[in-house]
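Worksheet for the structure shown next.
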Amino acid sequence: MKKIFISITAILAILSACDMEKYPLDAVSPNTFFNTESDLRLYTNSFYLALPSAEGVYNEAVDNIVKQSLEDEISGMRIIPTSDGGWTWTNLRNINFYLANSSKCEDADARAHYDGVAWFFRAYFYFNMVKRFGDLPWYDEVISDQDIENLQKARDPRTLVVDNILKDINNAIDNLPSDHRINEVTRWTALALKARICLHEGTFRKYHTEFNLPNSETFLDEAIKASEELMTKSGYSLYSTGRPESDYLNLFASIDANPVEVILAKGFSDELQVYHNLNYYTMTASYGRPGLEKRLVNSYLMKDGTRFTDRPDYGTLFFTDETKNRDPRLSQTIRTPGYTRIGNTEPLVQEFGATVTGYQLIKFVSTERYDTYAKSITDMPIFRFAESLLIYAEAKAEKGTLTQDDIDKSVNLLRSRAGMPGLVLSDANANPDPYLAKQYPHVGGSNKGVILEIRRERRIELVMETLRYDDMMRWKEGATFMEQFKGMYFPGPGNYDLDEDGNIDVCLYDGERPAVEGRKVQYLKLNGDVTLENGTNGCIVINPHIEKKWDDDKDYLYPIPIQERLLNPNLTQNKGWVDGV
């Protein structure tokens, strides 16, 4: 598969032209640029730098994946920054500069295409800013450094900004090409982004009544339309070879993003020395020893579709028992008994030196060749078809129009790929899962049961794809972050066989370290290497001495940096953030 990579040198040369008043002699000026399709393509290639890095995709760290440290958002350590803090407008300036000059190109088809790219990325820029700050000044033209009126503009209402975002993304949809280009935005990428934006805004407005934002159902309708068009007209589908025990794993471990399901991916290459750090991240202690959190592990259904947490002993099962007969995606997300690396046949157990919870990640992990520092080249999905299916189902459920047929052509396609029984609407609503209901206390109404099940499916299917924090923000469930994060259960000190092959893999001890026969025994000292919730037994507790804080009155938005408010006295601060300005 041919991958598209951006020339950073060329981009920097182009962006150096973005002083709107003066143009350096060694830079391209709009007087000599923007005349050909090649010019437009080269300039708009720079916009792709706004997409998340590989680490920005897999390095999830909220309540799905936990580590030795806590994010500031969860520990309550966020402060009002003096500058930056995400209040950065360079990307928008570059986009608006392009749109102000692209008309110089006489090739109408080229202009339509690359203007579509610009509209896509302006919508993408503002969507990320709205999620972070709420109200924002809307700029759709280049602002001169002498334009004091616009530079000191007040924040426009969120409603106005989001309406303009939709105008931009609709323009992108209307002008972008309809073929499949895995490393370039197309009509289908724009529809995927529109579906994501509209679901986020619709549910945010529904659950965050404190902001008094109107028309939540209008956005849910738009999310349904965008995702349905993707489902029926795009030609994308779920990758499946009929092997539920491995299809999910192989989808993400593939060096080249799978064009059947992945709509847009960030490409990496050994040949071009464009790398990331996924393999090393999951196998060393250098990056916080990431691992799945216990509540997520508990959320995976049994293989027959029943709820694991309905078992009376679910909280005290050892690893070898809790991982038996579960949704096959669990064993394709973490190391479970019988796990072997791709390209190898040697069974491997989890390494506690690499995972703080005992649930070691394998999603995106490729062959051993790429295990060294910063040498991974698996492509990273930014948008994939599976998310669109989940958006469709969730938007319909939240709006109250979901039918069994809707479930069958969305959620149940995902469950079918995993070899799982389908979700039944009437059964879910007749018997909502109390375990999930505790995690999502704001869910109610006649569709409570199916909304909880769709959230289960979304959490499991999209883990490590950097969407969880946004989900918890739009659902107004940030307070659940304050619950103690946990790992696997140990009944007490002793020797443990993690894969039932007859060999001791872990020795959990208290006091002096014993001598245990075994080639690769991992020694874990109680209250040293691990802390258990009941002292000598229970689940591993993660960061037990770090206090977690969440303030529902302010923590759903970030603060405006102090310097920006000093420079622009018309910028108001977000509620609850007191900066003294």
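The model shown is predicted, which means the values in this text are computed figures rather than measured ones. Here, residue 1 is the first one in the sequence, and each next residue gets the next number.
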ask   = Is E461 salt-bridged to R417, cutoff N-O under 4.0 Å?
value = yes

ask   = Is there a donor-acceptor pair closer than 3.5 Å between any side-chain N or O of N543 and the backbone N or O of K67?
value = yes

ask   = Which class fits the ring pair F121 and Y124: parallel under 30°, tilted 30 to 60°, perpendicular over 60°?
value = perpendicular

request  = Considering non-hydrogen atoms only, spot the tightest contact between I454 and A397 and give its length.
outcome  = CD1-CB, 3.7 Å

For the student: nearest non-hydrogen atoms of Y489 and G315, plus distance = CD1-O, 3.6 Å

Matching residue for V463 among I334, L361, I65 - test: side chain to side chain contact (heavy atoms under 4.5 Å, CB included) = I65

inquiry  = Please determine whether a side-chain nitrogen of the Lys or Arg among R474 and E394 lies less than 4.0 Å from a carboxylate oxygen of the Asp or Glu.
reply    = yes

ask   = Is the backbone N or O of N279 less than 3.5 Å from a side-chain atom of S376, with the two atoms forming a donor-acceptor pair by type?
value = yes

is_close_aromatic(Y236, H180), centroid dist under 6.0 Å = yes

ask   = So, the side chain of T466 versus the backbone of G56: is there a donor-acceptor pair under 3.5 Å, distance only?
value = yes

query = Just how far is it from atom CG of L389 to atom CZ of R458, taken to the nearest 0.5 Å?
reply = 11.5 Å

request  = Please confirm whether the backbone N or O of H442 pairs with a side-chain atom of E477, one donor and one acceptor, at under 3.5 Å?
outcome  = yes

request  = May I ask you to say whether K396 pairs ionically with E228, meaning some side-chain N is under 4.0 Å from a carboxylate O?
outcome  = no

ask   = For E210 and K554, what are the C-alpha separation, side-chain angles and deciding distance, and is it a salt bridge (charged side-chain N to carboxylate O under 4.0 Å, His left out)?
value = CA-CA 11 Å; E210 72 274 21; K554 71 179 181 67; over 6 Å; no

request  = Return the minimal non-hydrogen interatomic distance between N431 and R307, and the atom names on each side.
outcome  = O-NH1, 2.8 Å

ask   = Among all residues two or more places apart in sequence or in another chain, which pass the side-chain contact (heavy atoms from CB on, under 4.5 Å) test with A437?
value = K448, L452

request  = Tell me, with the steps shown, if K225 and E229 meet salt bridge (charged side-chain N to carboxylate O under 4.0 Å, His left out).
outcome  = CA-CA 6 Å; K225 291 177 184 176; E229 183 170 351; over 6 Å; no

inquiry  = Over 60° means perpendicular and under 30° means parallel, so tell me whether Y558 and F133 are parallel, tilted or perpendicular.
reply    = perpendicular

ask   = Restricting to pairs with a member in residues 390-431, which pass ring-ring contact (aromatic ring centres under 6.0 Å, His included), not counting sequence neighbours?
value = none

ask   = With a 4.0 Å cut-off, would you call D433 and R455 a salt bridge?
value = no

query = Closest approach of P52 and V57, non-hydrogen atoms and distance?
reply = CG-CG2, 4.2 Å

request  = Verify salt bridge (charged side-chain N to carboxylate O under 4.0 Å, His left out) between D499 and R335, making sure each step is shown before the conclusion.
outcome  = CA-CA 10 Å; D499 58 0; R335 293 187 182 189; over 6 Å; no

inquiry  = Whether E387 and R384 form a salt bridge (side-chain N of Lys/Arg under 4.0 Å from carboxylate O of Asp/Glu) is what I want to check.
reply    = no

task = Kindly state whether the ring of Y248 and the ring of F252 have centres lying under 6.0 angstrom apart.
result = yes

ask   = Any idea which heavy atoms bring P337 and T323 closest together, and the distance?
value = CD-OG1, 3.5 Å

Aromatic plane relationship, F352 with F490 - under 30° parallel, 30 to 60° tilted, over 60° perpendicular = tilted

task = For the pair E483 and K294, find out whether any cationic side-chain nitrogen is under 4.0 Å from an anionic carboxylate oxygen.
result = no

ask   = Does K549 have any side-chain contact (heavy atoms from CB on, under 4.5 Å) partners at least two apart in sequence or in another chain, and if so, which?
value = E547

ask   = Atom CG in D552, atom NZ in K476: separation rounded to 0.5 Å?
value = 5.5 Å

inquiry  = Checking ring-ring contact (aromatic ring centres under 6.0 Å, His included) between Y556 and each of W577, F211, W550, which is the one that passes?
reply    = W550

Sidechain-backbone polar pair: T355 side chain, P290 backbone, donor-acceptor under 3.5 Å = yes

Backbone N/O of E500 and side chain of D497: donor-acceptor pair under 3.5 Å = yes

ask   = D406 and T403: side chain to side chain donor-acceptor pair (under 3.5 Å), yes or no, with the steps?
value = CA-CA 5 Å; D406 293 327; T403 66; 3.1 Å; yes

task = Please confirm whether the backbone N or O of G85 pairs with a side-chain atom of R132, one donor and one acceptor, at under 3.5 Å?
result = yes

ask   = Has M77 got more than 12 heavy atoms of other residues, nucleotides or ligands less than 6.0 Å from its CE?
value = no

query = On the ring face of Y300, is R329 found with NZ or CZ under 6.0 Å from the centre and within 45° of the axis?
reply = no

note = One should read off an interatomic distance between E222 CD and I224 CD1, to the nearest 0.5 angstrom, of 9.5 Å

request  = Ignoring hydrogens and angles, tell me if any N or O in the side chain of K399 forms a donor-acceptor pair with the backbone of D221 under 3.5 Å.
outcome  = no

task = Could you walk me through whether K324 and D321 pass salt bridge (charged side-chain N to carboxylate O under 4.0 Å, His left out), step by step?
result = CA-CA 5 Å; K324 286 179 180 176; D321 290 322; 3.7 Å; yes

task = Kindly say whether S240 contributes a backbone atom to a donor-acceptor pair with the side chain of D247 at under 3.5 angstrom?
result = no

note = Nearest heavy-atom approach of A257 to D379 is N-OD2, 2.9 Å

